[in-house]
Enquirer: 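Just passing along the structure, written as C-alpha coordinates.
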Amino acid sequence: MAYRIGVVGGDGIGPEVVAEGLKVMSAAGVELETVDYDLGGARYLRDQTVLPDSVLEEWRSLDAIYVGAVGDPAVPPGVIERGLLLKMRFELDLYINLRPFKLDASDDGPGHDFVVIRENTEGTYAGEGGLLRKGTPYEVATQGSVNTRMGVERAVRYGFELAATRNSHLTLAHKTNVLNFSGDLWQRTFNEVAEEHPNIETAYNHVDAACIYFVQDPQRYDVVVTDNLFGDILTDLGGAVSGGIGLASSANLNPDRTAPSMFEPVHGSAPDIAGQNKANPIAAILSAAMMLEFLGADASAPNAEVVEAGARIRSACDACTDMTGSTTEIGDAVAAKL
Ligand code: NAI
Ligand code: MG
(Lines give C-alpha, C1' and ligand atoms only; values in the text may rest on other atoms or scores of the structure.)
(Ligands and ions follow the chains in the order given, each with its own letter.)
Protein backbone atom coordinates (compact mmCIF):
# COMPACT_ATOMS: atom_id res chain seq x y z
CA MET A 1 0.00 0.00 0.00
CA ALA A 2 1.39 3.41 -1.00
CA TYR A 3 2.08 5.98 1.70
CA ARG A 4 -0.07 9.11 1.48
CA ILE A 5 2.12 12.20 1.68
CA GLY A 6 0.98 15.82 1.91
CA VAL A 7 3.28 18.03 -0.15
CA VAL A 8 3.75 21.73 0.55
CA GLY A 9 6.17 23.04 -2.08
CA GLY A 10 5.72 26.50 -0.64
CA ASP A 11 7.55 29.58 -1.84
CA GLY A 12 10.69 30.51 -3.76
CA ILE A 13 13.00 27.54 -4.20
CA GLY A 14 10.65 25.31 -2.14
CA PRO A 15 8.75 23.81 -5.09
CA GLU A 16 12.00 23.45 -7.08
CA VAL A 17 13.77 21.35 -4.43
CA VAL A 18 10.67 19.34 -3.49
CA ALA A 19 10.27 18.31 -7.14
CA GLU A 20 13.78 16.80 -6.99
CA GLY A 21 12.99 14.99 -3.73
CA LEU A 22 9.90 13.43 -5.28
CA LYS A 23 11.87 12.53 -8.41
CA VAL A 24 14.55 10.79 -6.34
CA MET A 25 12.08 8.83 -4.18
CA SER A 26 10.41 7.61 -7.32
CA ALA A 27 13.81 6.62 -8.77
CA ALA A 28 14.41 4.64 -5.58
CA GLY A 29 11.28 2.65 -6.37
CA VAL A 30 9.15 4.07 -3.57
CA GLU A 31 5.48 4.31 -4.37
CA LEU A 32 3.83 7.39 -2.89
CA GLU A 33 0.43 8.93 -3.21
CA THR A 34 0.92 12.69 -2.94
CA VAL A 35 -1.61 15.38 -2.09
CA ASP A 36 -0.50 18.94 -2.94
CA TYR A 37 -1.25 21.86 -0.66
CA ASP A 38 -0.93 25.41 -1.93
CA LEU A 39 0.25 27.13 1.25
CA GLY A 40 2.91 29.66 2.16
CA GLY A 41 3.67 33.31 1.59
CA ALA A 42 2.36 33.54 -1.96
CA ARG A 43 -0.94 31.97 -0.93
CA TYR A 44 -1.22 34.35 2.02
CA LEU A 45 -0.65 37.35 -0.24
CA ARG A 46 -3.34 36.08 -2.60
CA ASP A 47 -6.17 35.41 -0.14
CA GLN A 48 -4.82 35.74 3.46
CA THR A 49 -5.00 31.96 3.98
CA VAL A 50 -2.24 30.57 6.22
CA LEU A 51 -3.22 27.14 7.58
CA PRO A 52 -6.97 26.47 7.82
CA ASP A 53 -8.12 24.08 10.55
CA SER A 54 -9.81 21.99 7.86
CA VAL A 55 -6.41 21.36 6.23
CA LEU A 56 -4.90 20.47 9.58
CA GLU A 57 -7.70 17.94 10.09
CA GLU A 58 -7.08 16.46 6.63
CA TRP A 59 -3.39 16.13 7.44
CA ARG A 60 -4.14 13.94 10.44
CA SER A 61 -5.09 11.12 8.07
CA LEU A 62 -1.83 11.37 6.08
CA ASP A 63 1.30 9.32 6.68
CA ALA A 64 3.70 12.28 6.48
CA ILE A 65 4.09 15.84 5.24
CA TYR A 66 6.91 16.95 2.95
CA VAL A 67 7.66 20.68 2.89
CA GLY A 68 9.95 22.72 0.62
CA ALA A 69 10.13 26.16 2.24
CA VAL A 70 7.62 28.81 3.14
CA GLY A 71 8.18 32.54 3.42
CA ASP A 72 7.96 35.60 1.25
CA PRO A 73 9.67 38.91 2.05
CA ALA A 74 6.38 40.72 1.30
CA VAL A 75 4.59 38.97 4.19
CA PRO A 76 4.94 40.62 7.62
CA PRO A 77 7.30 38.69 9.94
CA GLY A 78 5.68 36.03 12.08
CA VAL A 79 2.56 35.42 9.97
CA ILE A 80 3.85 32.32 8.20
CA GLU A 81 6.33 31.23 10.88
CA ARG A 82 3.78 31.25 13.70
CA GLY A 83 0.66 30.59 11.63
CA LEU A 84 1.98 27.71 9.54
CA LEU A 85 5.27 26.21 10.75
CA LEU A 86 4.78 26.62 14.50
CA LYS A 87 1.07 25.79 14.29
CA MET A 88 1.97 22.58 12.46
CA ARG A 89 4.58 21.67 15.09
CA PHE A 90 2.30 22.42 18.02
CA GLU A 91 -0.97 20.99 16.66
CA LEU A 92 0.58 17.79 15.30
CA ASP A 93 2.79 17.55 18.41
CA LEU A 94 6.01 17.33 16.37
CA TYR A 95 8.05 17.54 19.52
CA ILE A 96 11.38 16.36 18.13
CA ASN A 97 13.22 18.43 15.58
CA LEU A 98 15.99 16.17 14.33
CA ARG A 99 18.87 17.63 12.36
CA PRO A 100 21.81 15.44 11.29
CA PHE A 101 25.19 16.95 10.42
CA LYS A 102 27.86 15.10 8.54
CA LEU A 103 31.11 16.12 6.94
CA ASP A 104 33.48 13.63 5.35
CA ALA A 105 37.13 13.66 6.33
CA SER A 106 39.30 15.62 3.90
CA ASP A 107 42.61 17.48 3.72
CA ASP A 108 40.86 20.24 5.69
CA GLY A 109 39.97 18.11 8.69
CA PRO A 110 38.86 14.82 10.18
CA GLY A 111 35.15 15.26 9.37
CA HIS A 112 32.26 14.70 11.77
CA ASP A 113 28.89 12.99 12.14
CA PHE A 114 26.43 14.13 14.78
CA VAL A 115 22.74 14.84 15.29
CA VAL A 116 21.06 17.72 17.10
CA ILE A 117 17.72 17.12 18.78
CA ARG A 118 15.88 20.37 19.24
CA GLU A 119 12.83 20.37 21.52
CA ASN A 120 10.21 21.65 19.11
CA THR A 121 7.05 22.64 21.00
CA GLU A 122 8.08 24.71 24.03
CA GLY A 123 10.70 27.22 25.20
CA THR A 124 10.60 30.81 24.02
CA TYR A 125 8.72 29.75 20.88
CA ALA A 126 5.57 28.73 22.78
CA GLY A 127 4.16 32.24 22.45
CA GLU A 128 4.08 33.11 26.13
CA GLY A 129 4.30 36.84 26.82
CA GLY A 130 2.88 40.02 25.45
CA LEU A 131 3.16 43.73 24.85
CA LEU A 132 2.09 46.38 27.32
CA ARG A 133 1.65 50.06 26.40
CA LYS A 134 2.58 49.19 22.82
CA GLY A 135 3.85 52.08 20.75
CA THR A 136 4.44 54.36 23.73
CA PRO A 137 7.77 55.33 25.28
CA TYR A 138 6.80 53.15 28.25
CA GLU A 139 6.38 50.02 26.16
CA VAL A 140 7.12 46.64 27.76
CA ALA A 141 7.64 43.38 25.85
CA THR A 142 8.00 39.99 27.53
CA GLN A 143 8.60 36.63 25.87
CA GLY A 144 8.69 33.86 28.41
CA SER A 145 10.24 30.45 28.06
CA VAL A 146 7.86 27.57 28.69
CA ASN A 147 9.52 24.37 29.92
CA THR A 148 7.38 21.52 31.19
CA ARG A 149 8.70 18.40 32.85
CA MET A 150 6.78 16.34 30.29
CA GLY A 151 8.11 18.34 27.33
CA VAL A 152 11.71 18.34 28.51
CA GLU A 153 11.65 14.71 29.52
CA ARG A 154 10.33 13.38 26.23
CA ALA A 155 13.02 15.29 24.31
CA VAL A 156 15.74 14.09 26.67
CA ARG A 157 14.47 10.48 26.49
CA TYR A 158 14.51 10.64 22.71
CA GLY A 159 18.13 11.80 22.95
CA PHE A 160 19.19 8.83 25.08
CA GLU A 161 17.33 6.38 22.84
CA LEU A 162 18.88 7.84 19.69
CA ALA A 163 22.36 7.83 21.23
CA ALA A 164 21.91 4.13 22.03
CA THR A 165 21.51 3.44 18.29
CA ARG A 166 24.62 5.50 17.44
CA ASN A 167 27.86 6.02 19.38
CA SER A 168 26.32 6.10 22.87
CA HIS A 169 27.21 9.69 23.68
CA LEU A 170 24.71 12.44 24.54
CA THR A 171 25.46 16.11 25.23
CA LEU A 172 23.01 18.50 26.84
CA ALA A 173 23.45 22.08 25.60
CA HIS A 174 21.85 24.81 27.70
CA LYS A 175 22.77 27.86 29.72
CA THR A 176 22.23 26.53 33.23
CA ASN A 177 24.62 29.07 34.75
CA VAL A 178 22.29 31.97 33.86
CA LEU A 179 18.90 30.44 33.05
CA ASN A 180 18.64 29.03 36.55
CA PHE A 181 14.95 28.02 36.37
CA SER A 182 14.62 26.38 32.95
CA GLY A 183 18.24 25.21 33.06
CA ASP A 184 17.63 23.56 36.40
CA LEU A 185 14.66 21.62 35.05
CA TRP A 186 16.61 20.53 31.97
CA GLN A 187 19.69 19.50 33.94
CA ARG A 188 17.78 17.58 36.61
CA THR A 189 15.65 15.79 34.03
CA PHE A 190 18.76 14.95 32.00
CA ASN A 191 20.54 13.57 35.07
CA GLU A 192 17.55 11.49 36.14
CA VAL A 193 16.99 9.93 32.71
CA ALA A 194 20.76 9.31 32.47
CA GLU A 195 20.50 6.97 35.48
CA GLU A 196 18.33 4.68 33.35
CA HIS A 197 20.97 4.62 30.60
CA PRO A 198 24.26 3.64 32.25
CA ASN A 199 25.73 2.71 28.86
CA ILE A 200 25.36 6.22 27.45
CA GLU A 201 28.22 8.59 28.15
CA THR A 202 26.93 12.09 28.88
CA ALA A 203 28.31 15.60 28.65
CA TYR A 204 27.08 19.11 29.30
CA ASN A 205 28.03 22.27 27.35
CA HIS A 206 26.88 25.80 27.88
CA VAL A 207 25.34 26.76 24.56
CA ASP A 208 27.84 29.56 23.90
CA ALA A 209 30.71 27.12 24.41
CA ALA A 210 28.89 24.65 22.16
CA CYS A 211 29.09 27.29 19.40
CA ILE A 212 32.87 27.21 19.70
CA TYR A 213 33.02 23.40 19.69
CA PHE A 214 30.65 23.17 16.71
CA VAL A 215 33.27 25.12 14.75
CA GLN A 216 36.54 23.96 16.34
CA ASP A 217 35.88 20.44 17.58
CA PRO A 218 32.61 18.98 16.27
CA GLN A 219 34.15 15.47 16.48
CA ARG A 220 33.31 15.47 20.18
CA TYR A 221 29.59 15.17 19.42
CA ASP A 222 27.39 12.18 18.71
CA VAL A 223 23.92 13.38 19.80
CA VAL A 224 23.15 16.82 21.22
CA VAL A 225 19.85 17.64 22.91
CA THR A 226 18.77 21.22 23.55
CA ASP A 227 15.80 23.55 23.81
CA ASN A 228 13.86 25.20 21.00
CA LEU A 229 15.70 28.52 20.69
CA PHE A 230 19.20 27.18 21.31
CA GLY A 231 18.45 24.39 18.85
CA ASP A 232 17.30 26.79 16.18
CA ILE A 233 20.55 28.74 16.39
CA LEU A 234 22.91 25.78 16.92
CA THR A 235 21.50 23.93 13.93
CA ASP A 236 22.13 26.84 11.57
CA LEU A 237 25.71 26.76 12.81
CA GLY A 238 25.76 22.97 12.41
CA GLY A 239 24.71 23.43 8.78
CA ALA A 240 27.35 26.08 8.19
CA VAL A 241 30.16 23.76 9.36
CA SER A 242 28.79 20.72 7.50
CA GLY A 243 28.93 21.71 3.86
CA GLY A 244 26.46 24.59 3.99
CA ILE A 245 22.77 25.25 4.07
CA GLY A 246 22.22 23.47 0.75
CA LEU A 247 22.88 20.12 2.48
CA ALA A 248 21.08 20.57 5.83
CA SER A 249 18.05 18.32 6.26
CA SER A 250 15.53 18.02 9.07
CA ALA A 251 12.67 15.99 10.47
CA ASN A 252 9.91 17.32 12.71
CA LEU A 253 8.84 14.13 14.42
CA ASN A 254 5.86 12.95 16.38
CA PRO A 255 7.65 9.82 17.64
CA ASP A 256 4.42 8.50 19.19
CA ARG A 257 2.86 8.60 15.70
CA THR A 258 -0.37 10.16 16.95
CA ALA A 259 -0.14 12.53 13.93
CA PRO A 260 1.95 12.64 10.75
CA SER A 261 5.53 13.86 11.03
CA MET A 262 6.89 16.61 8.81
CA PHE A 263 10.12 16.63 6.80
CA GLU A 264 11.77 19.73 5.32
CA PRO A 265 15.17 21.16 4.44
CA VAL A 266 16.54 23.58 7.05
CA HIS A 267 16.84 26.40 4.52
CA GLY A 268 14.18 28.92 3.63
CA SER A 269 12.67 30.01 0.33
CA ALA A 270 15.86 31.80 -0.82
CA PRO A 271 14.12 34.53 -2.84
CA ASP A 272 17.53 35.69 -4.10
CA ILE A 273 17.98 32.54 -6.20
CA ALA A 274 14.35 31.45 -6.72
CA GLY A 275 13.23 30.56 -10.22
CA GLN A 276 16.80 30.24 -11.50
CA ASN A 277 17.32 26.49 -11.15
CA LYS A 278 20.26 27.29 -8.85
CA ALA A 279 19.17 25.88 -5.48
CA ASN A 280 20.94 22.81 -4.16
CA PRO A 281 18.23 20.14 -3.79
CA ILE A 282 20.34 17.82 -1.59
CA ALA A 283 18.88 19.18 1.67
CA ALA A 284 15.36 18.46 0.46
CA ILE A 285 16.37 15.04 -0.90
CA LEU A 286 18.03 14.07 2.41
CA SER A 287 14.87 15.20 4.20
CA ALA A 288 12.92 12.82 1.96
CA ALA A 289 15.33 10.04 2.97
CA MET A 290 14.60 10.79 6.62
CA MET A 291 10.90 10.58 5.83
CA LEU A 292 11.25 7.12 4.27
CA GLU A 293 13.38 5.87 7.16
CA PHE A 294 10.83 7.13 9.70
CA LEU A 295 7.84 5.71 7.79
CA GLY A 296 9.45 2.32 7.34
CA ALA A 297 10.43 2.12 11.02
CA ASP A 298 6.80 2.24 12.21
CA ALA A 299 6.63 -0.73 14.59
CA SER A 300 2.94 -1.27 13.80
CA ALA A 301 3.62 -1.48 10.03
CA PRO A 302 7.37 -2.03 9.51
CA ASN A 303 8.65 -1.74 5.96
CA ALA A 304 12.30 -2.71 5.58
CA GLU A 305 12.27 -1.94 1.85
CA VAL A 306 11.34 1.68 2.45
CA VAL A 307 13.96 2.06 5.20
CA GLU A 308 16.51 0.63 2.81
CA ALA A 309 15.39 3.03 0.03
CA GLY A 310 16.01 5.91 2.45
CA ALA A 311 19.50 4.60 3.16
CA ARG A 312 20.22 4.21 -0.57
CA ILE A 313 19.09 7.80 -1.23
CA ARG A 314 21.36 8.96 1.57
CA SER A 315 24.42 7.28 0.07
CA ALA A 316 23.51 8.54 -3.40
CA CYS A 317 23.46 12.06 -1.93
CA ASP A 318 26.78 11.48 -0.17
CA ALA A 319 28.29 10.76 -3.57
CA CYS A 320 26.91 14.06 -4.94
CA THR A 321 27.62 16.55 -2.15
CA ASP A 322 30.62 18.05 -3.97
CA MET A 323 28.80 18.31 -7.25
CA THR A 324 28.14 21.67 -8.83
CA GLY A 325 25.27 22.07 -11.25
CA SER A 326 21.71 23.22 -11.52
CA THR A 327 18.90 22.05 -9.23
CA THR A 328 17.64 19.61 -11.81
CA GLU A 329 21.12 18.38 -12.77
CA ILE A 330 21.94 17.52 -9.16
CA GLY A 331 18.54 15.85 -8.70
CA ASP A 332 19.10 13.84 -11.90
CA ALA A 333 22.59 12.83 -10.75
CA VAL A 334 21.27 11.53 -7.41
CA ALA A 335 18.41 9.73 -9.16
CA ALA A 336 20.85 8.16 -11.64
CA LYS A 337 22.84 6.59 -8.78
CA LEU A 338 19.71 4.72 -7.70
P1 NAI B 1 17.19 31.22 3.29
O2 NAI B 1 17.60 29.94 3.87
O3 NAI B 1 16.03 31.23 2.40
O4 NAI B 1 18.43 31.86 2.48
C5 NAI B 1 19.66 32.20 3.11
C6 NAI B 1 20.80 32.16 2.06
O7 NAI B 1 21.10 30.81 1.76
C8 NAI B 1 20.43 32.84 0.75
O9 NAI B 1 21.55 33.49 0.25
C10 NAI B 1 20.05 31.68 -0.13
O11 NAI B 1 20.26 31.93 -1.51
C12 NAI B 1 20.93 30.57 0.36
N13 NAI B 1 20.29 29.24 0.19
C14 NAI B 1 19.24 28.77 0.92
N15 NAI B 1 18.91 27.52 0.50
C16 NAI B 1 19.77 27.22 -0.51
C17 NAI B 1 19.93 26.07 -1.34
N18 NAI B 1 19.13 24.99 -1.26
N19 NAI B 1 20.91 26.09 -2.27
C20 NAI B 1 21.71 27.16 -2.38
N21 NAI B 1 21.62 28.27 -1.62
C22 NAI B 1 20.65 28.31 -0.69
O23 NAI B 1 16.96 32.23 4.52
P24 NAI B 1 16.40 33.72 4.51
O25 NAI B 1 16.92 34.46 3.32
O26 NAI B 1 16.66 34.23 5.85
O27 NAI B 1 14.83 33.58 4.38
C28 NAI B 1 14.11 33.68 3.15
C29 NAI B 1 12.65 33.36 3.43
O30 NAI B 1 12.52 32.01 3.85
C31 NAI B 1 12.05 34.20 4.56
O32 NAI B 1 10.73 34.53 4.19
C33 NAI B 1 12.06 33.27 5.75
O34 NAI B 1 11.04 33.57 6.67
C35 NAI B 1 11.82 31.93 5.10
N36 NAI B 1 12.35 30.79 5.85
C37 NAI B 1 11.58 29.66 5.87
C38 NAI B 1 12.01 28.53 6.50
C39 NAI B 1 11.17 27.31 6.43
O40 NAI B 1 10.33 27.18 5.56
N41 NAI B 1 11.34 26.37 7.32
C42 NAI B 1 13.30 28.49 7.21
C43 NAI B 1 14.08 29.70 7.09
C44 NAI B 1 13.58 30.81 6.45
MG1 MG C 1 16.19 28.45 11.87
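Start at 1 and go down the list; that is how both ligands and their atoms are numbered.
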Enquirer: Might you confirm whether atom CG of D47 has over 12 heavy atoms from other residues, nucleotides or ligands at distances under 6.0 Å?
Expert: yes
Enquirer: When you measure from atom 3 (O) of ligand 1 to each heavy atom in G239, A270, A248, which option holds the nearest one?
Expert: A270
Enquirer: Would V266 count as a contact residue for ligand 1, given that I'm defining contact as a non-hydrogen atom of the residue lying under 4.0 Å from a ligand atom?
Expert: yes
Enquirer: If you count every heavy atom of other residues, nucleotides or ligands that lies below 6.0 Å from E196 atom CD, does the total exceed 12?
Expert: yes
Enquirer: Could you tell me whether A284 approaches ligand 1 through its side chain, its backbone, both or neither, with non-hydrogen atoms closer than 4.0 Å?
Expert: neither
Enquirer: Against heavy atoms of P271, which atoms of ligand 1 measure under 4.0 Å?
Expert: 28 (C)
Enquirer: Which option out of L85, L84, D272, D72 puts a heavy atom nearest to atom 11 (O) of ligand 1?
Expert: D272
Enquirer: Within 45° of the six-membered ring axis of Y95 and under 6.0 Å from that ring's centre, is NZ or CZ of R154 located there?
Expert: yes
Enquirer: May I ask you to list the atoms of ligand 1 that are less than 4.0 angstrom from any heavy atom of G71?
Expert: 32 (O)
Enquirer: How about F190 and Y204: are their ring centres within less than 6.0 Å of each other?
Expert: no
Enquirer: With a sphere of 6.0 Å drawn around CG of D322, does it hold more than 12 non-hydrogen atoms of other residues, nucleotides or ligands?
Expert: no
Enquirer: Should E161 and R157 count as an ion pair when the cut-off is N to O under 4.0 Å?
Expert: no
Enquirer: Given E81, E16, K278, identify the one with the heavy atom nearest to atom 34 (O) of ligand 1.
Expert: E81
Enquirer: Which residue from I273, V75, N280 reaches closest to atom 21 (N) of ligand 1 through any of its heavy atoms?
Expert: I273
Enquirer: Within a distance under 4.0 Å of any heavy atom of A69, pick out the atoms of ligand 1 and give their elements.
Expert: 40 (O)
Enquirer: Would you please indicate yes or no on a ring centroid separation below 6.0 angstrom for H174 and F230?
Expert: yes
Enquirer: Ignoring hydrogens, just give me the one of I245, I80, V17 whose non-hydrogen atom is nearest atom 13 (N) of ligand 1.
Expert: I245
Enquirer: Within the structure, does V70 bring an N/O atom to less than 3.5 angstrom of an N/O atom in ligand 1?
Expert: yes
Enquirer: Hey, does the Lys NZ or Arg CZ of R99 hover above the aromatic six-ring of F114, less than 6.0 Å from the centre and inside 45° of the axis?
Expert: no
Enquirer: Ring centres under 6.0 Å, that's the criterion: do F263 and Y66 meet it?
Expert: no
Enquirer: Report yes or no: does A279 have a heavy atom closer than 4.0 Å to ligand 1?
Expert: yes
Enquirer: I'd like the name of whichever of G10, P73, G268 reaches closest to atom 1 (P) of ligand 1 through any heavy atom.
Expert: G268
